[in-house]
Protein chains: 2
Amino acid sequence: MLSDRHTDVTDAEHSPIRCQAVNDILARVGDKWSMQVVMSLSAGPMRFNELRRAIDGISQRMLTRTLRALERDGLVDREVTPSVPPRVDYSLTMLGRSLREPVAALGVWAMENRSHIDSARARFDAEE
Amino acid sequence: MLSDRHTDVTDAEHSPIRCQAVNDILARVGDKWSMQVVMSLSAGPMRFNELRRAIDGISQRMLTRTLRALERDGLVDREVTPSVPPRVDYSLTMLGRSLREPVAALGVWAMENRSHIDSARARFDAEE
DNA sequence: CAGGATCCAGCTAGATACTG
DNA sequence: CAGTATCTAGCTGGATCCTG
């Protein structure tokens, strides 16, 4: 952790086009709920209210919007069973599943460096 | 790409605590400018207006705010040379440099799957 | 059950003007 | 040069009510 070898993995690829792509994905993934939905669907298909209960604090409106956006981008599949009452199952597409890997890498970094960030914040805030 | 091996890298770690950490980092990194600043500083230290020119479209206010936030979290170092005119150099800390690796992984995913996302969007939007 | 439709508070980020 | 201060449009997201 915090390895400072100067073999730069990123410098070579720092082209405007690639950065545009990174920013698009970060915007897609960096919102409040998208990744929580994706992570919840990791275990398998879930229904709407099942997701609602699984994700603490999400409103029905935000769950709907988030699912629609993920579906639009081909990350989530929506399967409607026209019964009474209606049944809708959400699941990750292959694309959606493949996204979990880089996001998990970010998660590992987050866990490993959380303490560094917290202490840096405390230090910064201390010097008023 | 799009490998669907069911060895789940993420399921095992899908604990609330880890997800909280991921969300914090995504919020930190998922905003409009932070990663552009980090990527720009990859090449080496830069001064304020140098960064301003390097990052297309960023306002002076947003650059200030983004740099302060990154400094607070210990990702960026701010070095002031009290001269006239003043000189301030910004550089990545070790923590900041270490972040580039997982973000680059996300960048690779973005580049590899951009076309899938674009066509998924087109398909979704086509059905009224 | 699975949403759609409204309304609204709060935050984000841009524009502009000014300063040590 | 490197900011701070102010004002504001627009977006994000929550609460609430309604429906097939």
Side-chain angles (χ1 to χ4, degrees), chain A residues 19-20 23-38 40-41 44-73 76-92 124 127-128, chain B residues 19-20 23-38 40-41 44-73 76-91 124-125 127-128:
Chain A
C19 283
Q20 185 53 40
N23 279 335
D24 286 0
I25 294 304
L26 283 175
R28 175 77 282 273
V29 143
D31 72 314
K32 199 172 178 183
W33 301 111
S34 288
M35 277 308 104
Q36 297 203 56
V37 170
V38 169
S40 294
L41 289 177
M46 293 177 89
R47 301 177 61 177
F48 187 86
N49 280 323
E50 207 174 348
L51 273 168
R52 192 151 150 55
R53 281 187 296 272
I55 302 172
D56 193 67
I58 196 169
S59 69
Q60 170 233 55
R61 172 187 149 90
M62 279 303 107
L63 181 53
T64 302
R65 287 175 57 113
T66 303
L67 285 168
R68 284 289 176 283
L70 291 171
E71 188 195 355
R72 184 172 112 97
D73 288 350
V76 156
D77 186 49
R78 180 172 183 268
E79 188 170 3
V80 183
T81 307
S83 55
V84 184
R87 176 193 180 94
V88 181
D89 286 283
Y90 291 94
S91 59
L92 291 181
F124 187 92
E127 328 175 341
E128 121 252 51
Chain B
C19 283
Q20 186 54 38
N23 278 335
D24 286 0
I25 294 304
L26 282 176
R28 177 75 284 274
V29 143
D31 73 313
K32 200 171 177 185
W33 302 110
S34 288
M35 277 309 103
Q36 296 203 57
V37 170
V38 169
S40 294
L41 288 178
M46 293 177 89
R47 300 175 63 176
F48 186 87
N49 280 323
E50 207 173 350
L51 274 168
R52 190 152 152 55
R53 281 186 297 270
I55 302 172
D56 193 66
I58 195 170
S59 68
Q60 169 238 51
R61 171 187 147 90
M62 279 302 106
L63 181 54
T64 302
R65 288 175 58 110
T66 303
L67 284 168
R68 284 289 176 283
L70 291 171
E71 187 195 356
R72 184 173 112 96
D73 288 351
V76 157
D77 186 49
R78 179 173 184 268
E79 189 170 1
V80 183
T81 307
S83 55
V84 184
R87 176 192 181 94
V88 181
D89 287 284
Y90 292 94
S91 58
F124 186 92
D125 294 344
E127 327 174 342
E128 131 256 41

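Values below: every heavy atom of this structure, side chains too, minus hydrogens, waters and symmetry copies. Since we're looking at a predicted model, the values are computed, not measured. Below, read A as the first sequence line, B as the second, and so on, with proteins coming before strands; counting in each chain starts at 1.
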For this session: Check every atom of C:dA2, D:dG3, C:dA13 against the side chain of B:Tyr90 and return the nucleotide holding the closest atom.
Result: D:dG3
Under 3.5 Å between N/O atoms: give me all the protein pairs with nucleotides 4-6 of chain D, atom names plus distance.
from: D:dT4; atom 1: O4; to: B:Gln60; atom 2: OE1; distance (Å): 2.8
from: D:dT4; atom 1: O4; to: B:Gln60; atom 2: NE2; distance (Å): 2.9

Exercise. Counting only side-chain N and O atoms of B:Arg47, is one of them less than 4.0 Å from OP1 or OP2 of D:dA2?
Worked result: yes
For this session: Could you tell me the separation between the CG atom of B:Asp31 and the C1' atom of D:dC11, rounded to a whole number of Å?
Result: 15 Å
For this session: Specify the separation, in whole Å, of atom CE of A:Met46 and atom P of C:dA2.
Result: 11 Å
For this session: Report the distance from atom CG of B:Leu63 to atom P of D:dC1, rounded to the nearest whole Å.
Result: 13 Å
Problem set entry | Nearest heavy atoms of A:Ser59 and A:Arg52, plus distance in Å | C-NH1, 3.8 Å
Problem set entry | Atom-to-atom span, CZ of A:Phe48 to P of D:dG20 - whole angstrom | 18 Å
Exercise. Relative to the 5' end of DNA chain D, which residue comes earlier, A:Ser59 or A:Pro85, by the nucleotide with the nearest heavy atom?
Worked result: A:Ser59
Problem set entry | Reported CG-to-CE distance for the pair A:Leu67 and A:Met46, which is rounded to 0.5 angstrom | 10.5 Å
Exercise. What's the spacing between B:Arg68 CZ and B:Leu63 CG if we round to 0.5 Å?
Worked result: 9.5 Å
Exercise. Hey, mind stepping through A:Leu92 and A:Val76 against side-chain contact (heavy atoms from CB on, under 4.5 Å) and telling me if it holds?
Worked result: CA-CA 5 Å; A:Leu92 291 181; A:Val76 156; 4.0 Å; yes
Problem set entry | Euclidean distance, atom CZ of residue B:Arg52 to atom C1' of D:dC1 [Å, nearest integer] | 11 Å
Exercise. 5'-most contact on DNA chain D: A:Pro86 or A:Trp33, nearest heavy atom basis?
Worked result: A:Trp33
Problem set entry | Options D:dA2, D:dG3, C:dA2, nucleotide nearest the side-chain atoms of B:Arg78 | D:dG3
For this session: Calculate the interatomic distance between B:Glu79 atom CD and D:dC1 atom P; express it in whole Å.
Result: 19 Å
Exercise. Roughly how far, to the nearest 0.5 Å, is the CG atom of A:Asn23 from the NZ atom of B:Lys32?
Worked result: 10.0 Å
Exercise. CG of B:Asn23 versus P of D:dT12: gap in Å, rounded?
Worked result: 17 Å
For this session: Mind listing the closest non-hydrogen atom pair of B:Ser40 and B:Ile55 along with its distance?
Result: OG-CG1, 3.6 Å
Seminar exercise, completed: From NZ of A:Lys32 across to C1' of C:dT12 the rounded distance in Å is 14 Å
Exercise. Would one find a side-chain N or O of A:Arg87 under 4.0 angstrom from OP1 or OP2 of C:dA2?
Worked result: no
For this session: Only one of A:Glu79, A:Glu50, A:Arg47, A:Arg78 passes side chain to side chain donor-acceptor pair (under 3.5 Å) with A:Tyr90; say which it is.
Result: A:Arg78
